[in-house]
Amino acid sequence: MNNNINLFTIGFTQKSAETFFTTLKQAGVKRIIDTRLNNVSQLAGFAKKHDLQYFLKTISDIEYLHILDLAPTIDILNEYKKGKGEWSIYEQKFLHLIETRKIEKKVTPEQLDGACLLCSEALPHHCHRRLVAEYLNGKWGNVKICHL
């Protein structure tokens, strides 16, 4: 039996709806775990919470979960985004936040296997979804991460 947890990550910006949903379907994603602090912004387009939930179910039969414990706080986010802060400082503060929140106890390996962490950043390099995935792998040791 394979004990690995297959965890995907994806950002929706710079992707058309067609590319986004096709990518998820082809990867075999079972559930989206939304890690955004604000998932109802007008800027989210097709990825606004209720629209996304509907599209995922209808187009690809993918479940939708929003887990705020995996999102940054408004203070950490604003300092980095609006204050044009350093990525290394954001990363340090966010890692401290998820460690304090003990996110490894807020999600289960079963929830994450075949799941995809969602946020807005196009690439995973400077994105908290990558930090969440790597943190959980550090705690559990069996998370195979694939950035879509």
Side-chain angles (χ1 to χ4, degrees), residues 1-78 80-82 87 90-91 93-148:
M1 189 179 131
N2 181 355
N3 288 333
N4 277 338
I5 296 165
N6 292 305
L7 181 62
F8 301 94
T9 82
I10 195 167
F12 65 84
T13 55
Q14 297 174 20
K15 287 178 184 69
S16 67
E18 182 181 0
T19 299
F20 179 81
F21 293 106
T22 302
T23 300
L24 292 174
K25 197 170 189 168
Q26 286 176 344
V29 170
K30 293 185 229 161
R31 118 186 9 91
I32 281 285
I33 298 177
D34 195 337
T35 67
R36 293 175 292 169
L37 185 61
N38 177 8
N39 63 358
V40 291
S41 163
Q42 290 301 324
L43 300 175
F46 68 82
K48 281 172 66 177
K49 180 184 179 180
H50 294 295
D51 290 341
L52 182 60
Q53 203 167 4
Y54 170 79
F55 292 141
L56 287 168
K57 190 81 191 135
T58 306
I59 297 169
S60 310
D61 198 30
I62 295 173
E63 188 187 342
Y64 173 89
L65 284 172
H66 185 218
I67 303 179
L68 268 173
D69 277 321
L70 305 182
T73 62
I74 192 74
D75 294 348
I76 292 174
L77 197 58
N78 281 346
Y80 177 62
K81 291 279 190 194
K82 294 181 179 160
W87 169 254
Y90 174 89
E91 187 172 17
K93 286 184 176 184
F94 183 72
L95 286 170
H96 177 73
L97 176 70
I98 59 177
E99 195 171 355
T100 305
R101 286 177 175 169
K102 296 191 179 341
I103 63 165
E104 67 276 12
K105 291 179 169 49
K106 309 272 173 89
V107 291
T108 65
E110 295 75 29
Q111 272 180 316
L112 291 184
D113 193 29
C116 183
L117 301 178
L118 168 81
C119 82
S120 58
E121 293 296 324
L123 299 171
H125 313 86
H126 286 161
C127 181
H128 74 278
R129 70 180 186 266
R130 174 182 61 81
L131 300 178
V132 167
E134 289 172 359
Y135 173 88
L136 291 170
N137 185 45
K139 290 291 179 187
W140 297 338
N142 61 342
V143 181
K144 278 181 53 194
I145 303 164
C146 176
H147 301 292
L148 300 176

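In this structure, D34 CG and C116 SG are separated by 10.5 Å, a value rounded to the nearest 0.5 Å. Annotation: the span from T100 atom OG1 to D69 atom CG amounts to 11.5 Å, rounded to 0.5 Å. Rounding to the nearest 0.5 Å gives a distance of 5.5 Å between CZ of F46 and CZ of F20. Atom CD1 of residue I98 and atom NZ of residue K106 lie 11.5 Å apart, to the nearest 0.5 angstrom. Atom-to-atom distance recorded for Q53:CD and D51:CG is 10.0 Å, nearest 0.5 angstrom. Rounding to the nearest 0.5 Å places CG of L123 at 11.5 Å from CZ of R130.
Between E63 and Q111, every side-chain heavy-atom pair lies at or beyond the 4.5 Å cut-off. By the 4.5 Å heavy-atom criterion applied to side chains, E91 and L131 are counted as neighbours. You'll find the side chain of I62 stays beyond 4.5 Å of the side chain of F55, heavy atoms only. Contact annotation: the side chain of R101 never approaches that of E99 to less than 4.5 Å [non-hydrogen atoms, C-beta and beyond].
Classified by interplanar angle (parallel below 30°, tilted 30° to 60°, perpendicular above 60°), the ring pair F94/H128 is perpendicular. Using cut-offs of 30° and 60° for the angle between ring planes, the W87 and Y80 rings count as perpendicular.
With sequence neighbours left out, the side-chain hydrogen bond (donor to acceptor under 3.5 Å, both in side chains) criterion links H66 to N39.
Applying the side chain to side chain contact (heavy atoms under 4.5 Å, CB included) test between L37 and each of I74, T73, I76 identifies I74 as the sole match. Evaluated for a side chain to side chain contact (heavy atoms under 4.5 Å, CB included) with L118, the options T35, L24, L52 yield exactly one hit, L52.
Sorted by first and then second residue, the pairs that involve residues 108-123 and meet salt bridge (charged side-chain N to carboxylate O under 4.0 Å, His left out), not counting sequence neighbours, are K81-E121.
Across all their heavy atoms, P72 and L77 have their closest contact at CG-CD1, 3.9 Å.
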